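This is a predicted model, so every value here is computed, not measured.
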Amino acid sequence: MKTAIIGLGYVGLPLSLQFARSGAEVLGLDVDASKIEAIHAGRSYIHHIPGEDIKSLVESGKFSATTDFSRVSEVGAVIICVPTPLSQNREPDISYVLKSGEAIAPYLKKGTVVILESTTYPGTTDEDLRAVLEKGSGLVAGEDFHLAFSPEREDPGNPQSVVAKIPKVIGGFTPVCLEKAMAVYGQAIDRMVPVSSCRAAEATKLLENIFRSVNIALVNELKVVYSAMGIDVWEVIEAAKTKPFGYMAFYPGPGLGGHCIPIDPFYLTWKAREYEHATRFIELAGEINTSMPRHVVERVGEALNADRKAVNGSKVLILGLAYKANVDDDRESPSYKLLEMLKERGAEVDYHDPFVPVIKPSREHSHWAGTKSVPWNEANIASYDAVLISTAHDCVNYEELGSWAHCIVDTRNAMKGITSPQAKIWKA
Ligand SMILES: NC(=O)c1ccc[n+]([C@@H]2O[C@H](COP(=O)([O-])OP(=O)(O)OC[C@H]3O[C@@H](n4cnc5c(N)ncnc54)[C@H](O)[C@@H]3O)[C@@H](O)[C@H]2O)c1
């Protein structure tokens with residue numbers, strides 16, 4: 001079945017490739033013409049996706065891309081993977097989903113299957129998106145066209161995370177919608193997990209992300225408490241991990257980052273208010289996680305103080321700008337918060353990140369746009385009063401860091417097992 005995938009970003013591009021690889025004909029749709037151009041040129045704009053993969057599937061005729069939404073009339077299924085951020089007031093912003101719905105509605109035919117993948121609150125698919133699709137098409141969901149929600153479970157930077165092998169949770173607006181949506185994914189995905197409704201599928205994704213947010217907050221809190229007791233939380237987690245049941249390891253860090261974990265839980269918080277319920281775990285986890293950059297900056301202050309230096313006037317290098325290891329995605333990265341806070345306190349701050357050679361323009365960090373990653377060499381690294389490891393990419397040589405830097409503040413346990421003859425290594 002020819003399938004359109006809307007939003008060719010971190011989720012939509014790998015999904016398109018997986019469908020095309022499995023033999024389905026895929027039409028990618030995006031409002032960003034530069035992505036369409038890159039796809040046709042066989043060029044990747046996402047670090048962990050090889051351009052070769054795109055090129056061979058475009059050449060085979062299985063994958064093409066366009067900005068022309070009228071071509072939805074050619075397809076039997078549409079999968080929507082557009083952003084679902086928070087607004088400036090930290091409320092859900094589903095405008096990208098609704099705009100996609102408005103753009104495709106006039107071209108829906110009887111029998112088209114529409115599936116939303118963007119993470120969102122329960123009710124988005126069967127209330128908000130359905131209303132837009134029905135209004136723009138004159139068709140009725142569940143009767144004329146099929147509607148479903150199936151959350152994405154992309155794990156960027158994890159080479160074991162193969163789209164086809166990750167079970168796909170699917171909820172339909174009606175039992176027939178579910179059956180049709182399963183037939184769409186059956187073309188490309190090995191295992192599907194049907195649930196009773198779109199809302200159950202939406203809620204499943206939120207549970208997964210809230211679970212992560214709460215558990216990361218827990219280890220972040222323990223990190224601070226254990227550190228005061230002279231106990232290394234990383235050692236404790238390694239030991240706890242040996243328990244073969246009832247424990248799952250989560251790791252502390254400088255704060256939450258990325259498009260999902262800092263944002264998605266608040267979609268539920270917002271929706272819960274409509275039902276007069278508070279989501280206390282989510283709020284508390286948010287509070288602890290957002291306090292982490294402050295804790296880390298205090299630690300940098302302590303480290304500099306031990307060298308008889310002040311934050312004000314010191315040169316600090318942030319190592320790792322992406323929000324997680326081995327990816328080029330810097331959205332919501334706590335490294336930006338660290339850059340800001342250190343700069344506010346008078347430090348001279350730079351960053352090094354092999355995955356982010358230059359900071360691209362963005363809504364949130366426009367004033368950092370154009371800033372370049374400083375080159376990795378002894379003279380440069382030794383010129384900083386402190387190096388703060390914020391994201392621990394595997395390709396960085398931490399042995400070299402240990403032998404070059406004067407002072408290292410490590411939020412990721414990247415210096416585990418590495419001794420430095422001249423630098424004190426602080427955990428934060
Ligand atoms: N990145 C992840 O690891 C991840 C994991 C699970 C779920 N998700 C969810 O998947 C969704 C997409 O996230 P992403 O990381 O792929 O975002 P992204 O920003 O990488 O990609 C979104 C794409 O949608 C395009 N777009 C925006 N508005 C559009 C419109 N009206 N019509 C067509 N295209 C449009 C953008 O140009 C962009 O290419 C979000 O809801 C996110 O929460 C992301």
Side-chain angles (χ1 to χ4, degrees), residues 227 252-257 290-325 328-393 395-415 418 420-428:
S227 165
L256 293 182
T290 51
S291 74
M292 279 305 117
R294 184 173 298 278
H295 165 78
V296 171
V297 167
E298 276 168 19
R299 222 48 189 145
V300 173
E302 265 178 70
L304 287 168
N305 192 49
D307 284 346
R308 297 170 182 269
K309 291 175 184 168
V311 173
N312 194 347
S314 285
K315 276 186 77 185
V316 181
L317 181 73
I318 306 250
L319 186 49
L321 193 72
Y323 81 90
K324 72 184 259 195
D328 60 353
D329 188 350
D330 62 348
R331 289 176 296 177
E332 305 282 325
S333 173
S335 299
Y336 281 106
K337 191 80 197 156
L338 297 171
L339 280 171
E340 297 292 351
M341 291 175 79
L342 288 163
K343 196 173 165 214
E344 267 165 28
R345 285 158 178 73
E348 208 182 299
V349 248
D350 293 312
Y351 81 95
H352 172 79
D353 191 321
F355 288 87
V356 190
V358 58
I359 297 178
K360 293 191 206 110
S362 69
R363 208 179 49 188
E364 309 97 72
H365 315 295
S366 53
H367 53 294
W368 291 104
T371 309
K372 290 191 176 129
S373 167
V374 300
W376 184 259
N377 58 52
E378 182 167 6
N380 264 348
I381 302 305
S383 73
Y384 290 94
D385 297 298
V387 177
L388 167 56
I389 304 174
S390 180
T391 302
H393 295 305
C395 60
V396 170
N397 188 332
Y398 297 98
E399 296 275 357
E400 281 179 351
L401 178 66
S403 60
W404 295 344
H406 299 303
C407 166
I408 299 168
V409 181
D410 185 2
T411 69
R412 300 286 190 181
N413 207 26
M415 299 303 288
I418 298 174
S420 172
Q422 78 292 338
K424 173 156 184 193
I425 301 171
W426 298 72
K427 292 200 175 173

Subject >> Thr411 versus Pro254, closest heavy-atom pair with distance >> reply: OG1-CD, 3.6 Å
Original post:
Can you check side chain to side chain contact (heavy atoms under 4.5 Å, CB included) on Leu401 and Ile389, steps first, answer last?
Top reply: CA-CA 10 Å; Leu401 178 66; Ile389 304 174; 3.8 Å; yes
Subject >> Identified side chain to side chain contact (heavy atoms under 4.5 Å, CB included) counterpart of Leu388 within the set Val349, Asp410, Val409, Val297 >> reply: Val409
**OP:** Decide if atom NZ of Lys337 counts as having more than 12 heavy atoms of other residues, nucleotides or ligands within a radius under 6.0 Å.
**Re:** no
Original post:
Is any side-chain heavy atom of Ile408 closer than 4.5 Å to a side-chain heavy atom of Trp426?
Top reply: no
**OP:** Ignoring hydrogens and angles, tell me if any N or O in the side chain of Ser335 forms a donor-acceptor pair with the backbone of Ser390 under 3.5 Å.
**Re:** no
**OP:** Determine the minimum heavy-atom distance between Gly253 and Arg412, stating which atoms define it.
**Re:** CA-NH1, 4.0 Å
**OP:** Please report the closest heavy-atom contact between Met341 and Arg294, naming both atoms and the distance.
**Re:** CE-CA, 3.5 Å
Original post:
Should Phe355 and His393 be marked as a side chain to side chain contact (heavy atoms under 4.5 Å, CB included) after you check the CA-CA gap, both sets of side-chain angles, and the distance that decides it?
Top reply: CA-CA 9 Å; Phe355 288 87; His393 295 305; 3.5 Å; yes
Original post:
Do the side chains of Arg299 and Ser227 get nearer than 4.5 Å, heavy atoms only?
Top reply: yes
Original post:
Counting N and O atoms only, with roles assigned by atom type, does the side chain of Gln422 sit under 3.5 Å from a partner on the main chain of Gly402, one being a donor and the other an acceptor?
Top reply: yes
Original post:
Mind checking what makes side chain to side chain contact (heavy atoms under 4.5 Å, CB included) contact with Ser373, not counting sequence neighbours?
Top reply: Tyr351, His352
Subject >> From CG (Leu319) to CG (Asp353), nearest 0.5 Å >> reply: 8.0 Å
Original post:
For Ala386 and Leu304, which heavy atoms make the closest approach, and how far apart are they?
Top reply: CB-CD2, 4.0 Å
Original post:
Under 6.0 Å between ring centres, would you say that holds for His406 and Tyr384?
Top reply: no
Identify each donor-acceptor pair in which a side-chain atom of residues 305-318 lies under 3.5 Å from a protein atom, sequence neighbours left out, and give them as a table.
| residue | atom | partner | partner atom | Å |
| --- | --- | --- | --- | --- |
| Lys309 | NZ | Asp385 | OD1 | 2.9 |
| Ser314 | OG | Ala310 | O | 2.5 |
| Lys315 | NZ | Ser383 | OG | 3.1 |

**OP:** State, yes or no, whether a side-chain contact exists between Thr371 and Val358 at a heavy-atom distance under 4.5 Å.
**Re:** no
**OP:** Give a yes or no on whether a salt bridge exists between Glu340 and Lys343, defined as a side-chain N under 4.0 angstrom from a carboxylate O.
**Re:** no
**OP:** Any chance you could lay out the side chain to side chain contact (heavy atoms under 4.5 Å, CB included) test for Glu332 and Glu364, step after step, and finish with the verdict?
**Re:** CA-CA 9 Å; Glu332 305 282 325; Glu364 309 97 72; 4.3 Å; yes
Original post:
Quick one: are Tyr336 and Ile359 in side-chain contact, heavy atoms under 4.5 Å?
Top reply: yes
**OP:** Might you point out which heavy atoms bring Pro334 and Gly257 nearest each other, and give the distance in Å?
**Re:** CD-CA, 3.8 Å
Original post:
Is there a donor-acceptor contact under 3.5 Å from the side chain of Asp330 to the main chain of Ser333?
Top reply: no
**OP:** Test Trp404 against every option in Ile381, Asn380, Val387 by the side chain to side chain contact (heavy atoms under 4.5 Å, CB included) rule and name the one that passes.
**Re:** Ile381
Original post:
What pair of heavy atoms forms the shortest contact from Ala369 to Pro361, and how long is it?
Top reply: CB-CA, 3.7 Å
**OP:** Could you walk me through whether Leu321 and Leu339 pass the side chain to side chain contact (heavy atoms under 4.5 Å, CB included) test, one step at a time?
**Re:** CA-CA 9 Å; Leu321 193 72; Leu339 280 171; 3.9 Å; yes
Subject >> Partners passing salt bridge (charged side-chain N to carboxylate O under 4.0 Å, His left out) against Asp350 (at least two apart in sequence or in another chain) >> reply: none
